[in-house]
Amino acid sequence: MNTSKENILKQLIKPVLDIIKKVAKEMRLGNDVEVGTIAAIRHNVNSAKTINRNIFTQELRQIILLPKPSEGFKQLDKIGLLPLIFPELANLKGVETVNGRGHKEIFEHTMQVLDNVAAQSDNEWLRWAALLHDIGKPATKHWDEKMGWTFHNHNFIGEKMVPRIFKKMRLPNEHMEYVKKLVGLHMRPIALVEEEVTDSAVRRMVFEAGDDIDDLMTLCRADITSKNQEKVKRFRENYELVKQKIKDVNKKDEERNLKPEIDGYEIMLTFGLQQSPKVGDFKKAIINEINKNGMKNDYETLYNFMMNKAQELDIKPINEGKLCCVEIDSPMGMLSIAATTTGISAIEFGEADFSVLATKMKLELCHTSTPLLENCTKQINEYFEGNRREFSLPLHLTGTEFQLKVWNTLMTIPYGETISYKKEARLVGNENAQRAVAQANGANPIPIIIPCHRVINSDGTTGGYSSGVDKKLFLLKLESSASQTITNS
């Protein structure tokens, strides 16, 4: 097109664009629109050979975001501009009658659905899905002598129309698949209840809708419109039935797919059991406690529950009365770990002799691994790999009341952060007990898991560490590389 023709076209279209802008503005203000020269404007636009609909896209997007967007589209229809800028929407107007039977006025229905969605959501593209949900009905309208008016597969035809409309209007392509999906699926929830609502049918719908299932259900509910209140009531009951079914199926799937941190194999190894109903009962008890009573699915919580349940059933761990220990490799060299059936009791850097601890605890020292020690090893490896910031292990600590209080306080210091000895003493309850707190830190039997390395001097210097300052610096550097937050006070 040459420059002179482009200028003429701009002159013809500008008044129309001004009118649409006025409609959008007045609708936002809640005013009606006075139109004086619309017929002339329409005549000029109709006289032009080309009119790009995308010129009006921004104004239409303003209208669709109105509190009641139907008013803007009805104004455009009233002044005769809707067929020019949105012919697919204008094609929804009118009612055809055969043998005295007419179908629902699709345009009015669409406007009501759009307003229903607008009342529930500010999501512009959910509103576009509402505007286009029945856009395929004119192409699928058919009169059947037995059934009356039908619109079979209008959702699929509408789904195919969405990309063309987006292209012509130059709507953002990244939202096209979302709108297309909702237009294609909008009949599915209500259609489900017309047959038996099976779990598999609900799963298929949820799978196809994906993360947009809630928006689909919002559109579905908005689509329930009729002058027949009994019909509205029945459809809303069906909608609630499907909504509940989605919740039930999701809950079933979560329970079925749940993988507790403690499995049947660990139960058998811990108690020396063979595969049997008793092991199955253990697993069921754990899963029920998680699903029905909200017990946390972490290793420490489940281990303690398992041991309490075993006590109820008078089942004893095969290593009861023993202090078991293993040695593992780490980036800091060898680590020695000891544990009772109650929990982890000690970690030492290098090779360790746990005989004194075993005597103190009145337990038999046993150089063998256990499921608890294996899980401890796994979590320590994850920590050194940077994939774990919190440990979830049962602990079996022996110390004075003050030491236990200090060690529990240490476990509240977040990963990657440090506090001063002064602040630690304050947290323990005695700001003047800094020396006693430091001594308790030095007696910490389970370093790394109980993070005494996160306590430094008030001036920011590292401070002491019973296993060597180099190890403390290693742990601080490891954590600071993942989290730079340092809180000194």
Side-chain angles (χ1 to χ4, degrees), residues 20-33 56-83 85-95 103-138 151 154-155 158 161-162 165 169 171 175 178-190 212 214-229 231-240 243:
I20 298 173
K21 285 181 177 179
K22 185 176 181 181
V23 168
K25 181 179 179 181
E26 295 299 325
M27 290 297 100
R28 283 198 302 275
L29 297 173
N31 301 329
D32 203 352
V33 180
F56 310 111
T57 297
Q58 290 306 313
E59 282 63 42
L60 290 180
R61 289 183 66 181
Q62 288 183 36
I63 289 172
I64 208 166
L65 288 173
L66 292 169
K68 195 173 181 182
S70 67
E71 293 178 348
F73 287 104
K74 287 179 179 179
Q75 279 287 353
L76 292 179
D77 178 55
K78 179 181 177 182
I79 61 183
L81 291 178
L82 193 61
I85 61 177
F86 207 152
E88 297 89 350
L89 190 60
N91 286 344
L92 301 182
K93 290 184 63 63
V95 176
H103 55 75
K104 182 187 288 187
E105 217 287 345
I106 306 168
F107 178 78
E108 287 297 329
H109 166 72
T110 297
M111 292 298 101
Q112 187 175 346
V113 173
L114 176 58
D115 286 346
N116 289 347
V117 166
Q120 296 298 317
S121 174
D122 293 330
N123 182 342
E124 177 185 354
W125 304 105
L126 178 55
R127 294 184 181 202
W128 275 98
L131 188 67
L132 301 178
H133 81 286
D134 276 349
I135 208 74
K137 276 192 170 179
F151 302 90
H154 76 273
N155 52 318
M161 292 173 68
V162 169
I165 292 171
M169 290 189 169
L171 289 164
H175 301 291
Y178 167 85
V179 174
K180 182 181 168 186
K181 180 202 292 186
L182 294 190
V183 170
L185 292 175
H186 79 271
M187 295 179 63
R188 186 75 66 82
I190 294 298
D212 304 314
D214 290 338
D215 288 349
L216 175 62
M217 295 303 288
T218 298
L219 176 58
C220 172
R221 196 178 197 290
D223 196 23
I224 301 172
T225 68
S226 175
K227 293 179 181 178
N228 184 334
Q229 291 306 306
K231 185 177 180 182
V232 169
K233 181 183 176 184
R234 175 165 52 85
F235 271 70
R236 284 183 177 166
E237 287 173 351
N238 290 349
Y239 167 86
E240 293 298 334
K243 195 174 177 183

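Keep in mind that what you see is a predicted model, and the values were worked out from it rather than measured.
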Enquirer: Taking it one step at a time, do E88 and I165 satisfy side chain to side chain contact (heavy atoms under 4.5 Å, CB included)?
Expert: CA-CA 8 Å; E88 297 89 350; I165 292 171; 3.9 Å; yes
Enquirer: Please enumerate all residues that pass side-chain hydrogen bond (donor to acceptor under 3.5 Å, both in side chains) together with S121, with sequence neighbours excluded.
Expert: none
Enquirer: Got a sec, which residues hit salt bridge (charged side-chain N to carboxylate O under 4.0 Å, His left out) with D223, two or more places apart in sequence or on another chain?
Expert: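 With sequence neighbours excluded, D223 shows a salt bridge (charged side-chain N to carboxylate O under 4.0 Å, His left out) to no residue whatsoever.
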Enquirer: List for me each residue that meets side-chain hydrogen bond (donor to acceptor under 3.5 Å, both in side chains) alongside N116, sequence neighbours excluded, and say none if there are none.
Expert: none
Enquirer: Please give me the minimum heavy-atom distance between L92 and I106, naming the atom from each residue.
Expert: O-CB, 3.6 Å
Enquirer: Kindly indicate whether the side chain of F86, heavy atoms from C-beta on, has any atom under 4.5 Å from the side chain of L76.
Expert: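 Side chain of F86 against side chain of L76, heavy atoms only: no contact under 4.5 Å found.
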Enquirer: How would you list, by chain and number, every residue that makes a ring pair (Phe, Tyr, Trp, His ring centres under 6.0 Å) with H154, sequence neighbours excluded?
Expert: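 H186.
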Enquirer: Can you name the residues that form a salt bridge (charged side-chain N to carboxylate O under 4.0 Å, His left out) with D212, not counting sequence neighbours?
Expert: K181
Enquirer: State, to 0.1 Å, how close L131 and F73 come at their nearest heavy-atom pair, and which atoms those are.
Expert: CD2-CZ, 3.8 Å
Enquirer: Do the ring planes of F151 and H103 sit parallel (below 30°), tilted (30 to 60°) or perpendicular (above 60°)?
Expert: perpendicular
Enquirer: For E105, which residues count as a salt bridge (charged side-chain N to carboxylate O under 4.0 Å, His left out) partner, sequence neighbours excluded?
Expert: none
Enquirer: Taking only residues two or more places apart in sequence or in another chain, which ones pass side-chain hydrogen bond (donor to acceptor under 3.5 Å, both in side chains) with K104?
Expert: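 Partners of K104 by the side-chain hydrogen bond (donor to acceptor under 3.5 Å, both in side chains) criterion come out as none, since no residue qualifies.
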Enquirer: Would you mind reporting whether I64 and L114 have side-chain heavy atoms less than 4.5 Å apart?
Expert: yes
Enquirer: Run the side chain to side chain contact (heavy atoms under 4.5 Å, CB included) test against S70 and tell me which residues pass, sequence neighbours left out.
Expert: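 Checked S70 against side chain to side chain contact (heavy atoms under 4.5 Å, CB included); matches are K68, K74, M111, D115.
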Enquirer: Can you name the residues that form a salt bridge (charged side-chain N to carboxylate O under 4.0 Å, His left out) with K180, not counting sequence neighbours?
Expert: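 Not a single residue meets the salt bridge (charged side-chain N to carboxylate O under 4.0 Å, His left out) criterion with K180.
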Enquirer: Please round to the nearest 0.5 Å and tell me the distance separating atom CZ of R127 and atom CG of L132.
Expert: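 These two atoms lie 14.0 Å from each other.
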Enquirer: Looking at every heavy atom in both T110 and L89, which two are closest together, and how far apart are they?
Expert: CG2-CD1, 4.4 Å
Enquirer: Looking at H133 and A130, would you say the former's side chain and the latter's main chain have a donor-acceptor pair under 3.5 Å?
Expert: yes
Enquirer: State the CG-CG distance between L65 and L60, to the nearest 0.5 angstrom.
Expert: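 So the gap between those two atoms works out to 11.0 Å.
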Enquirer: Testing the basics here: between V183 and N155, what is the closest heavy-atom pair and its distance to 0.1 Å?
Expert: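 Heavy-atom minimum between the residues: O-CB, 3.6 Å.
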Enquirer: Check side-chain hydrogen bond (donor to acceptor under 3.5 Å, both in side chains) between E124 and all other residues, then give those that pass, not counting sequence neighbours.
Expert: R61, W128
Enquirer: Listed by chain and number, what are the ring pair (Phe, Tyr, Trp, His ring centres under 6.0 Å) partners of F107, not counting sequence neighbours?
Expert: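 F107 satisfies ring pair (Phe, Tyr, Trp, His ring centres under 6.0 Å) with no residue once adjacent residues are dropped.
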Enquirer: What's the shortest heavy-atom distance between A90 and P83, and which atoms?
Expert: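 Residues A90 and P83, closest heavy atoms: CB-CA, 3.8 Å.
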Enquirer: Distance from T218 atom OG1 to Q120 atom CD, nearest 0.5 Å?
Expert: 7.0 Å
Enquirer: Under the side chain to side chain contact (heavy atoms under 4.5 Å, CB included) rule, collect the residues that match up with A129, sequence neighbours excluded.
Expert: V179, L182, L219
Enquirer: Where do V117 and A222 come nearest, in terms of heavy atoms and distance?
Expert: CG2-CB, 3.5 Å
